[in-house]
Peer 1: 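Structure in structure tokens, see below.
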Amino acid sequence: MRKGQIAKNGFRYIILNNPVPAGRFEAHLQMHVGSIEEGDDEQGVAHIVEHVTFLGSDKRSVLFGTGSESNAYTDFHHTVYHINCPLVSQGTTALPPNTKLLPLALDALREIAFEAKMLNSRIEKERLAVLSELSMMTNMEYRMTTQEICELHSETILPKRFPIGDEATIRKVHPDKVRAFYHRFYHSDRADLFIVGDVDLDETEALIKKVFEPVPPSPTYLARQAMKVGALAGLKDYNETFSKFPEFDPRNDWRIRPQVKHRFSDENRVNFSLDPAIFRHEMIPSLQLVMCAKLPVQPIQTKKDLREFVLSRLVVACLGWSLTSKVRPNPPLSGIEFDHSDSMSESCAVTTLKLYSRPHEWQDMLSVAMKDVRRAYRRGFSQAELDCMITSILADSRQAAQQAGNIPSSEIVGSLLEAELLGHTFMDFNYYHSLLEEIVETITLEDVNEHAKKLLEYIAEYGEDDAPLPAAILACVPSGPNGEKDVVEISKEDIQRELQHKPDDDEYEDEVENLEHLVSPEALAHMHTLNPPAWVDVEPGVQRKEDPKTGIVMRRLSNGIRVNIKKTLNSPNTVSIAAVSPGGLARETRTNPAAVKLGVQAIMQGGSFGNYSREMVDLFSMRKLMNINFGVTLESITWDLLAPTETVDDLMQFLMLTYSDLRWNEKAFNSAKDLFQSNWDAVTKSLEMASADMLVRAVANDDARFWGPPPEVIESLDLNTVKDELEKQLCTDGLEINIVGDFDMEEIEESVLKHLGTIPKRDKPEPIYQQDIIDIKPDPTRQHQRIELPDDQKRAIGYLTGVAPNRWGYSTENPKCKENGYWSYDGKVAKDEQTQERRKHPMFATACIELIEKMVSTELYSLLRDSLSLVYHTKFEVGVNERLPTNDWLIVINSEHQNVDRAVNEASKCLRNIRFTPHMLSSAKRSVQHFHETESANDAYWLGYLRGMQDDTIPDKMEGASAEYYDVLNQVSLDDIKEVWKTFLTSEKDVYTCVGVSG
Ligand SMILES: [Zn+2]
């Protein structure tokens, strides 16, 4: 790593060589300019400047089409510009092949930060874009977060300087004011440049100097230099010295920013309790109660600092686990979070306890949580809990150390920036791990419990003499619709009373037992005698099929389970598994819609197996660092597992028990029902969700498997129905186990056989998908809908959707597409053989769809955002269906209230009139290929690749032709695209829209 500063103008830089991914680099320019620099009449200007400089940069646009990505953001204290780019260009319309791109990226950053033109036309454009962004951002979640910040930082200027700014100011601020702000603050001594990537340190340093040395120094910098920063004794001297520099304004020196002075919790041990604040709004979906303490950021520079940090992490982990395990089976609590972390943007550390509940049950919720927090505060954690958390953080850091050489620059640049800002020493993961191993040796249960006392005192001792003062207590409470009397009775006094209510119950639950294995060797041996495991043929005469190109191994067990395995070196010592059962929502019985959704949720909340309690399973998986998720889509039900490689046997035992001995819990089932009830409230109160739901209803013609589900549908379901519906899909026949990661192939295969091979065979019911699923037709009477929600904030959202072929080119609307084994819109064979050949390839449709997504997105963005300034952002996306012979496309329009209808109309017109050009196609090909190349460094990408390779419901994928993907992609012609595009839409009647407005 190299750190330096340009003496002439104070420009700082850090360069770090990181070879992953090869041939690319990250350049982050951080300006110490944020919304706190704004005056009262400039609220939002820092953010507008970010937009104007970034989007107005011609030099940045030179990089378009090279496979580079760039972005920017503004927070309270900083504005960051970010470019991620290959080292050399492959050739674009603007650049010849092999042009070095680092100099160009640095030129672009120099233009953005110090030489921006700030044209009136650009300012007007971005004013509109920012207003659309504001409309998009200010949903209820954002408003609750800002309320929290207002309470937490009430003694500072932060509540009056939200980076998004003030709507009226944004509307009217004069362009001269925007330019003045830029010239006042965009100086070289306010800049930190971070370059991380496959770069040479000397060469890069020389280049940085060449590009940034000519930037003139600021008066602040000259003044600082003159008085030799080190001698700075007090503000008086400072001002006196600076008085010699008439141009200098000390308010412009970000190092002495006077505005943000936090009042920290432990400095405020006073004899009074903070008044809880209550934020009521009818659009709040469920009750939320948050309690925060505010502490200074503790820089991590010594071993002692690190030890303190580790203690905090252990307390957070122990309490977090304990609270979560209380919540899950406990209906009044729908969620609970405990956290202690640094905030870069607010420049302090915050400890937070956050609870969510149904409005009328807030007292029950609070007492469950407080009991647990007080237990931790008074009695501390148990040795078993602590051991588990230590094992888990060590395993985590060991894994990070093993992956140290594989971490992409994009991740490193983020942590480097954070370390610099918070004053932490930036550490290599191997070094960090060795320190951590040393430190945990010295940590005792008493140490952790002592530390817990410190972190939890502000909650546990609330209202007591001499207790630290919470920085904020805030309840966000839904109020009655249409100005009716409040539905929830809650006052500041009520909250205070509940917080101070300390029942003397010392009945704590028994400690949870630590499990050694999920399946004992004896039990496993017994299973073997009942169901002897065996491999069977994948295809006639072949028991083990290995693809020479990709190294993918395919196998099949005698109980019908299909196994796809790919060894990668993406994440050392990690294994990812996706156990996929084809089926999903589309396979639900029509009379029991939403049963599978509810079942998956009930299992997530309280499912277990054998004689184990859920807490035992949770503690086990936490200790083993097993990350487990259970989810359902339209087409499948999936267990996603991620863990260190040494736990492969544990993962297999987890799956083995899940598929042979799954246990349901009535309480968790009811709690899942409650959750759906709250979700429904959230849907009806959110502009985005309510409009999307309305659109889905029109397109799915009210089929309740796909929208909602509304409360009456959930209410009608009982545990047995749900259990039958879900378990019917969890059969061994057709189940596909996809495994990707860093492991020994032989060991993996053996573990699969030994464990999954013993699951009793269970046949799948026929047919996989009911015939009537494909009979769903959109309702033409609801082609264009509009919804208005009451709100005091003017907001808008627009959606456009329509039918598309699935990812393999099958379509109910155009059944002839693939009728004869080749792709053709109208079922006619293409005239020349070459075209026929190309369109016959199984990957042809996939390639065309990905190219279409890219081209249409670019076209929409340049029309709606660049030319018409109607939206903040927009994108064209095609659904992921690959089994059902139907799919959809979707456009989301984030626009302002008065522009949304026009934006939706223009988008619809754009789709109908789009003219694909050779230039668009070649640029899209580069983007799509770059996307695949980048993504293939992730195991998640390979899991997607494996999913369905042995699935009878995706015959094209079974042909395993994906290794030829880039060839197919590059051969796609403009005529191919035009032909495929016809299956998306041909006329206005194919486009369904829904506009939502509020305020
Ligand atoms: Zn923005």
Side-chain angles (χ1 to χ4, degrees), residues 28-38 42-57 60-61 69-84 108-109 111-113 116-139 141-143 145-146 149 158 160-173 175 177-179 181-182 185-186 344-346 414 417 688 793-798 857 860-862 864-875 892-897 899-900 903:
H28 280 228
L29 182 67
Q30 168 175 264
M31 297 302 298
H32 291 268
V33 186
S35 52
I36 63 159
E37 259 78 28
E38 295 162 354
E42 292 174 319
Q43 292 177 54
V45 172
H47 177 221
I48 296 178
V49 167
E50 170 226 303
H51 274 245
V52 172
T53 53
F54 183 72
L55 287 136
S57 164
R60 187 180 66 96
S61 58
E69 285 155 15
S70 50
N71 221 328
Y73 67 84
T74 308
D75 69 24
F76 288 114
H77 292 87
H78 325 97
T79 307
V80 179
Y81 302 91
H82 157 221
I83 299 178
N84 156 319
L109 290 173
E111 180 182 55
I112 287 170
K117 291 195 217 57
M118 312 283 288
L119 301 176
N120 278 352
S121 55
R122 179 50 73 177
I123 293 176
E124 292 315 320
K125 241 183 198 125
E126 295 314 315
R127 185 198 302 276
L128 296 172
V130 165
L131 286 166
S132 297
E133 188 182 352
L134 183 130
S135 156
M136 176 188 85
M137 263 176 82
T138 46
N139 57 20
E141 207 185 318
Y142 172 81
R143 280 180 265 172
T145 310
T146 52
I149 292 177
L158 300 185
K160 293 189 201 79
R161 291 293 181 272
F162 283 105
I164 191 72
D166 166 63
E167 189 181 332
T169 308
I170 300 169
R171 271 190 209 287
K172 62 167 196 262
V173 69
K177 239 181 186 162
V178 177
R179 282 185 284 263
F181 186 91
Y182 177 70
F185 297 111
Y186 276 66
M344 280 200 291
S345 110
E346 295 153 41
L417 199 127
E688 287 78 2
Q793 182 84 37
K794 269 196 187 318
R795 303 189 57 234
I797 183 91
S857 290
L860 272 176
Y861 186 85
S862 78
L864 296 181
R865 163 84 201 237
D866 291 342
S867 310
L868 302 173
S869 298
L870 287 172
V871 303
Y872 170 63
H873 187 72
T874 188
K875 204 173 171 185
V892 184
I893 302 275
N894 290 113
S895 181
E896 263 200 284
H897 199 269
N899 290 336
V900 65

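Remember, it's 1-based here, ligands and their atoms both numbered in the order they're listed.
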Peer 1: For side-chain contact (heavy atoms from CB on, under 4.5 Å), just list the numbers for Ser70 and Phe54, CA-CA rounded to whole Å, side-chain angles, deciding distance to a tenth of an Å, and then say yes or no.
Peer 2: CA-CA 9 Å; Ser70 50; Phe54 183 72; 3.6 Å; yes
Peer 1: Ignoring hydrogens and geometry beyond distance, is a side-chain donor-acceptor pair present between Gln43 and Thr169 at under 3.5 Å?
Peer 2: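 No.
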Peer 1: What is the name of the N/O/S atom in Glu133 that sits closest to the Zn ion (ligand 1)?
Peer 2: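 Nearest N/O/S atom: OE1.
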Peer 1: Side chains of Tyr81 and Thr53: is there a donor and an acceptor less than 3.5 Å apart?
Peer 2: yes
Peer 1: Take the Zn ion (ligand 1) as the vertex and measure to NE2 of His51 and NE2 of His47; round to 10°.
Peer 2: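 That angle works out to 90° after rounding to 10°.
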Peer 1: Please determine whether Glu50 has a backbone or side-chain N, O or S atom lying under 2.8 Å from the Zn ion (ligand 1).
Peer 2: no
Peer 1: For the residue pair Thr74 / Glu50, report whether a side-chain donor-acceptor contact shorter than 3.5 Å exists.
Peer 2: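 Thr74 and Glu50 do have a side-chain donor-acceptor pair below 3.5 Å.
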